[in-house]
Amino acid sequence: MAITSGRNFWCLCSSILLVATQPAAAETKLFESAQVTPASEYTFGIEGPAGDLDGNLFVVNLGKPGTIGKLPAGGAASELFTTLPDGSVGNAIRFDRSGTMFIADYKKHNIFAIPKGATEPAVWFHSDQMNQPNDITIARDGTIYASDPNWKGREGHIWRIVRGADGTAQGQVMSAPRAMGTTNGIDLSPDGKTLYVGESSSGQIWSYAISGNELTAAKLVKAFQPDTIDGLRTDVAGRLYVARILKGTIALMKPTGAVEREIPLKAKEPTNLAFGGSDGKTVFVTQRQGGFIESFRTDQQGREHCLQRGRC
């Protein structure tokens with residue numbers, strides 16, 4: 001179509017020039033952490049972050065022990081989601097493929113379950129034989145693996161908890177080829193065949209093959225300084241993200257133990273982390289120092305987020 005006006009031609013060219021010279025929208029940089037929630041929202045026991053598929057994040061001990069806070073998708077402040085029964089205090093939260101939330105209650109030796117869409121916790125598993133359920137991870141078939149540290153004795157175990165034929169949860173200590181230290185952070189590889197366990201007392205991370213109720217093929221993945229590791233998570237590429245409590249970083253490392261990077265955080269006492277957001281590539285970190293949540297973007301989706309989508 002012919003241009004009939006010099007003025008129109010100038011306006012058209014100016015518009016094209018304006019569009020061409022507009023700066024591109026700034027993209028969020030990977031591995032740069034920022035504080036998300038206000039300081040002191042959570043107690044010294046801030047722990048157990050877990051994200052659902054709607055982008056909400058759930059964290060234990062909002063304001064006082066025994067509560068569970070909810071950070072809505074895109075939010076900058078937490079709200080009360082639920083309160084556990086009297087005397088119970090949560091330490092870990094995980095979601096299974098159905099969207100059911102499981103909470104480890106270290107005070108009363110319970111695993112609570114909250115079905116998707118509900119808020120009231122119900123005891124799913126209990127054992128007086130536990131020192132405490134500290135951290136938990138969930139396999140594709142719904143099996144729960146729970147770390148069970150004895151902090152005073154600087155030792156620990158792993159529990160395997162499954163649903164029995166009668167529908168009730170049944171659990172027992174898994175046999176292992178070595179004596180474990182204070183078992184703490186725990187997660188599975190993307191294929192579900194390897195269990196990673198962090199031992200806080202020694203600062204070591206071990207991997208095990210899973211054979212029913214047996215842990216086999218023990219392998220030392222990485223040895224950090226004693227008492228400098230807490231929670232850990234895996235991504236769909238099989239890498240491990242380890243909370244370096246007192247150092248103030250998240251160590252991102254390959255399954256071989258090679259550390260790709262140490263991601264600096266806003267405070268020095270990260271207790272645990274979880275993948276969330278709409279694509280599962282936002283890592284949320286719970287900070288004991290300051291009682292807040294911070295987050296950073298990564299380049300891979302978290303295993304648990306992928307599991308909830310039925311793809312892992």
Side-chain angles (χ1 to χ4, degrees), residues 28-37 39 42 44-51 57-60 71 91-94 134-137 147 182-190 195-200 202-207 221-277 279-306:
T28 302
K29 292 184 179 179
L30 298 181
F31 310 115
E32 288 194 6
S33 196
Q35 185 171 335
V36 177
T37 63
Y42 290 83
F44 190 75
I46 183 173
E47 256 279 13
L57 185 76
F58 300 86
V59 177
V60 301
L71 177 65
N91 199 71
I93 303 173
R94 294 283 183 133
N134 185 282
D135 202 358
I136 56 177
T137 188
S147 59
T182 48
T183 51
N184 193 343
I186 186 171
D187 210 353
L188 290 156
S189 60
L195 185 70
Y196 294 101
V197 181
E199 299 179 2
S200 289
S202 65
Q204 297 176 350
I205 295 174
W206 289 79
S207 68
V221 178
K222 180 70 177 178
F224 294 101
Q225 293 83 3
D227 302 309
T228 65
I229 62 171
D230 205 323
L232 64 87
R233 290 290 196 277
T234 57
D235 66 18
V236 293
R239 300 179 302 181
L240 288 79
Y241 296 66
V242 183
R244 301 294 316 282
I245 196 164
L246 302 182
K247 186 173 183 181
T249 66
I250 299 296
L252 172 55
M253 63 188 211
K254 298 178 180 178
T256 60
V259 176
E260 289 189 4
R261 64 176 68 234
E262 290 264 5
I263 302 160
L265 301 172
K266 295 303 180 184
K268 295 296 184 182
E269 298 181 9
T271 56
N272 215 329
L273 62 140
F275 289 81
D279 60 0
K281 294 181 181 180
T282 297
V283 177
F284 293 93
V285 182
T286 49
Q287 276 285 0
R288 188 173 71 182
Q289 182 189 53
F292 62 83
I293 300 164
E294 59 180 287
S295 72
F296 60 86
R297 294 285 290 168
T298 185
D299 56 354
Q300 295 288 343
Q301 181 184 186
R303 180 197 71 89
E304 187 174 1
H305 189 272
C306 181

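Note: hydrogens, waters and symmetry copies are ignored here, and every other heavy atom, side chains too, is used. Worth saying up front: this structure is predicted, and the values here are computed from it rather than measured.
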Participant: What are the two closest heavy atoms between Phe275 and Gly280, and how far apart are they?
Facilitator: CD2-O, 3.3 Å
Participant: Are Arg261 and Leu30 packed together at the side-chain level, in the sense that at least one heavy-atom pair is separated by less than 4.5 angstrom?
Facilitator: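 They are not in contact (no side-chain heavy atoms under 4.5 Å apart), so the answer is no.
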Participant: Taking the side chain as everything from C-beta on, heavy atoms only, tell me whether Phe224 gets closer than 4.5 Å to Ile205.
Facilitator: yes
Participant: If you compare all heavy atoms of Ile229 against all heavy atoms of Ser200, which two are closest, and at what distance to 0.1 Å?
Facilitator: O-OG, 2.9 Å
Participant: Nearest 0.5 Å, what's the CD-NZ distance between Gln289 and Lys266?
Facilitator: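 With rounding to 0.5 Å, CD (Gln289) is 13.0 Å from NZ (Lys266).
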Participant: Can you find a heavy atom in the side chain of Arg297 that is under 4.5 Å from one in the side chain of Asp279?
Facilitator: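 Arg297 vs Asp279: side chains touch.
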Participant: Distance from Leu240 atom CG to Ile250 atom CD1, nearest 0.5 Å?
Facilitator: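 So the gap between those two atoms works out to 12.0 Å.
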Participant: Testing the basics here: between Pro270 and Gly248, what is the closest heavy-atom pair and its distance to 0.1 Å?
Facilitator: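 Where Pro270 meets Gly248 most closely, the heavy atoms are CD-CA, 3.9 Å.
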Participant: Calculate, to the nearest 0.5 Å, the distance between atoms CG and CD belonging to Asp235 and Gln300 respectively.
Facilitator: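 If we round to the nearest 0.5 Å, Asp235:CG and Gln300:CD are 5.5 Å apart.
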Participant: I need the minimum non-hydrogen distance between Asn134 and Asn91, along with the two atoms involved.
Facilitator: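 Heavy atoms of Asn134 and Asn91 come nearest at O-ND2, 2.8 Å.
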Participant: Before you tell me yes or no, could you show the steps for Asn184 and Asp135 under side-chain hydrogen bond (donor to acceptor under 3.5 Å, both in side chains), namely the whole-Å CA-CA distance, both residues' side-chain angles and the distance that decides it to 0.1 Å?
Facilitator: CA-CA 6 Å; Asn184 193 343; Asp135 202 358; over 6 Å; no
Participant: Nearest 0.5 Å, please: how far is CZ in Phe284 from CG in Leu273?
Facilitator: 11.5 Å
Participant: Please report the closest heavy-atom contact between Val59 and Ile93, naming both atoms and the distance.
Facilitator: N-CD1, 4.0 Å
Participant: Is the side chain of Arg94 donor-acceptor paired with the backbone N or O of Ile136 at a distance under 3.5 Å, no angle test?
Facilitator: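 Side chain of Arg94 to backbone of Ile136, a donor-acceptor pair under 3.5 Å: yes, one is there.
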Participant: Any chance you could measure Ile186, atom CD1, to Arg233, atom CZ, to the nearest 0.5 Å?
Facilitator: 10.5 Å
Participant: Check step by step if side-chain contact (heavy atoms from CB on, under 4.5 Å) holds for Arg239 and Asp299.
Facilitator: CA-CA 11 Å; Arg239 300 179 302 181; Asp299 56 354; 2.5 Å; yes
Participant: Starting at CG of Leu232, measure out to CG of Asp187 and round the result to the nearest 0.5 Å.
Facilitator: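 Nearest 0.5 Å value for the CG-CG distance: 6.0 Å.
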Participant: Donor-acceptor pair, distance only, cut-off 3.5 Å: does the side chain of Thr286 make one with the backbone of Asn272?
Facilitator: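 Yes, because the side chain of Thr286 sits within donor-acceptor range (under 3.5 Å) of the backbone of Asn272.
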Participant: Just so I know, are the side chains of Thr271 and Glu47 near enough to count as touching, which here means a heavy-atom distance under 4.5 Å?
Facilitator: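 Yes, close enough: below the 4.5 Å cut-off.
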Participant: Would you check if Met253 and Glu260 make a side-chain contact, meaning some heavy-atom pair closer than 4.5 Å?
Facilitator: no
Participant: Testing Glu269, Gln225, Lys268 for side-chain contact (heavy atoms from CB on, under 4.5 Å) with Leu246, which one passes?
Facilitator: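 Checked Glu269, Gln225, Lys268 against Leu246; only one passes side-chain contact (heavy atoms from CB on, under 4.5 Å): Glu269.
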Participant: Spell out, as yes or no, whether a donor-acceptor pair under 3.5 Å connects the side chain of Arg244 to the backbone of Thr228.
Facilitator: yes
Participant: Looking at Ile293, is its backbone amide N or carbonyl O close enough to the side chain of Gln287 to form a donor-acceptor pair, meaning the two atoms are under 3.5 Å apart?
Facilitator: no
Participant: Under a 3.5 Å cutoff, is there a donor and acceptor pairing between the side chains of Tyr42 and Thr37?
Facilitator: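 Not at all, the side chains of Tyr42 and Thr37 share no donor-acceptor pair under 3.5 Å.
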Participant: Keeping the roles fixed (side chain from Thr234, backbone from Ser189), state whether a donor-acceptor pair exists under 3.5 Å.
Facilitator: no
Participant: Of all the heavy-atom pairs spanning Glu294 and Gln35, show the shortest one and how long it is.
Facilitator: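 Closest heavy-atom pair between Glu294 and Gln35: CB-CA, 3.9 Å.
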Participant: Give the ring-plane orientation class for Phe31 versus Phe296, where under 30° counts as parallel, over 60° as perpendicular and anything between as tilted.
Facilitator: tilted
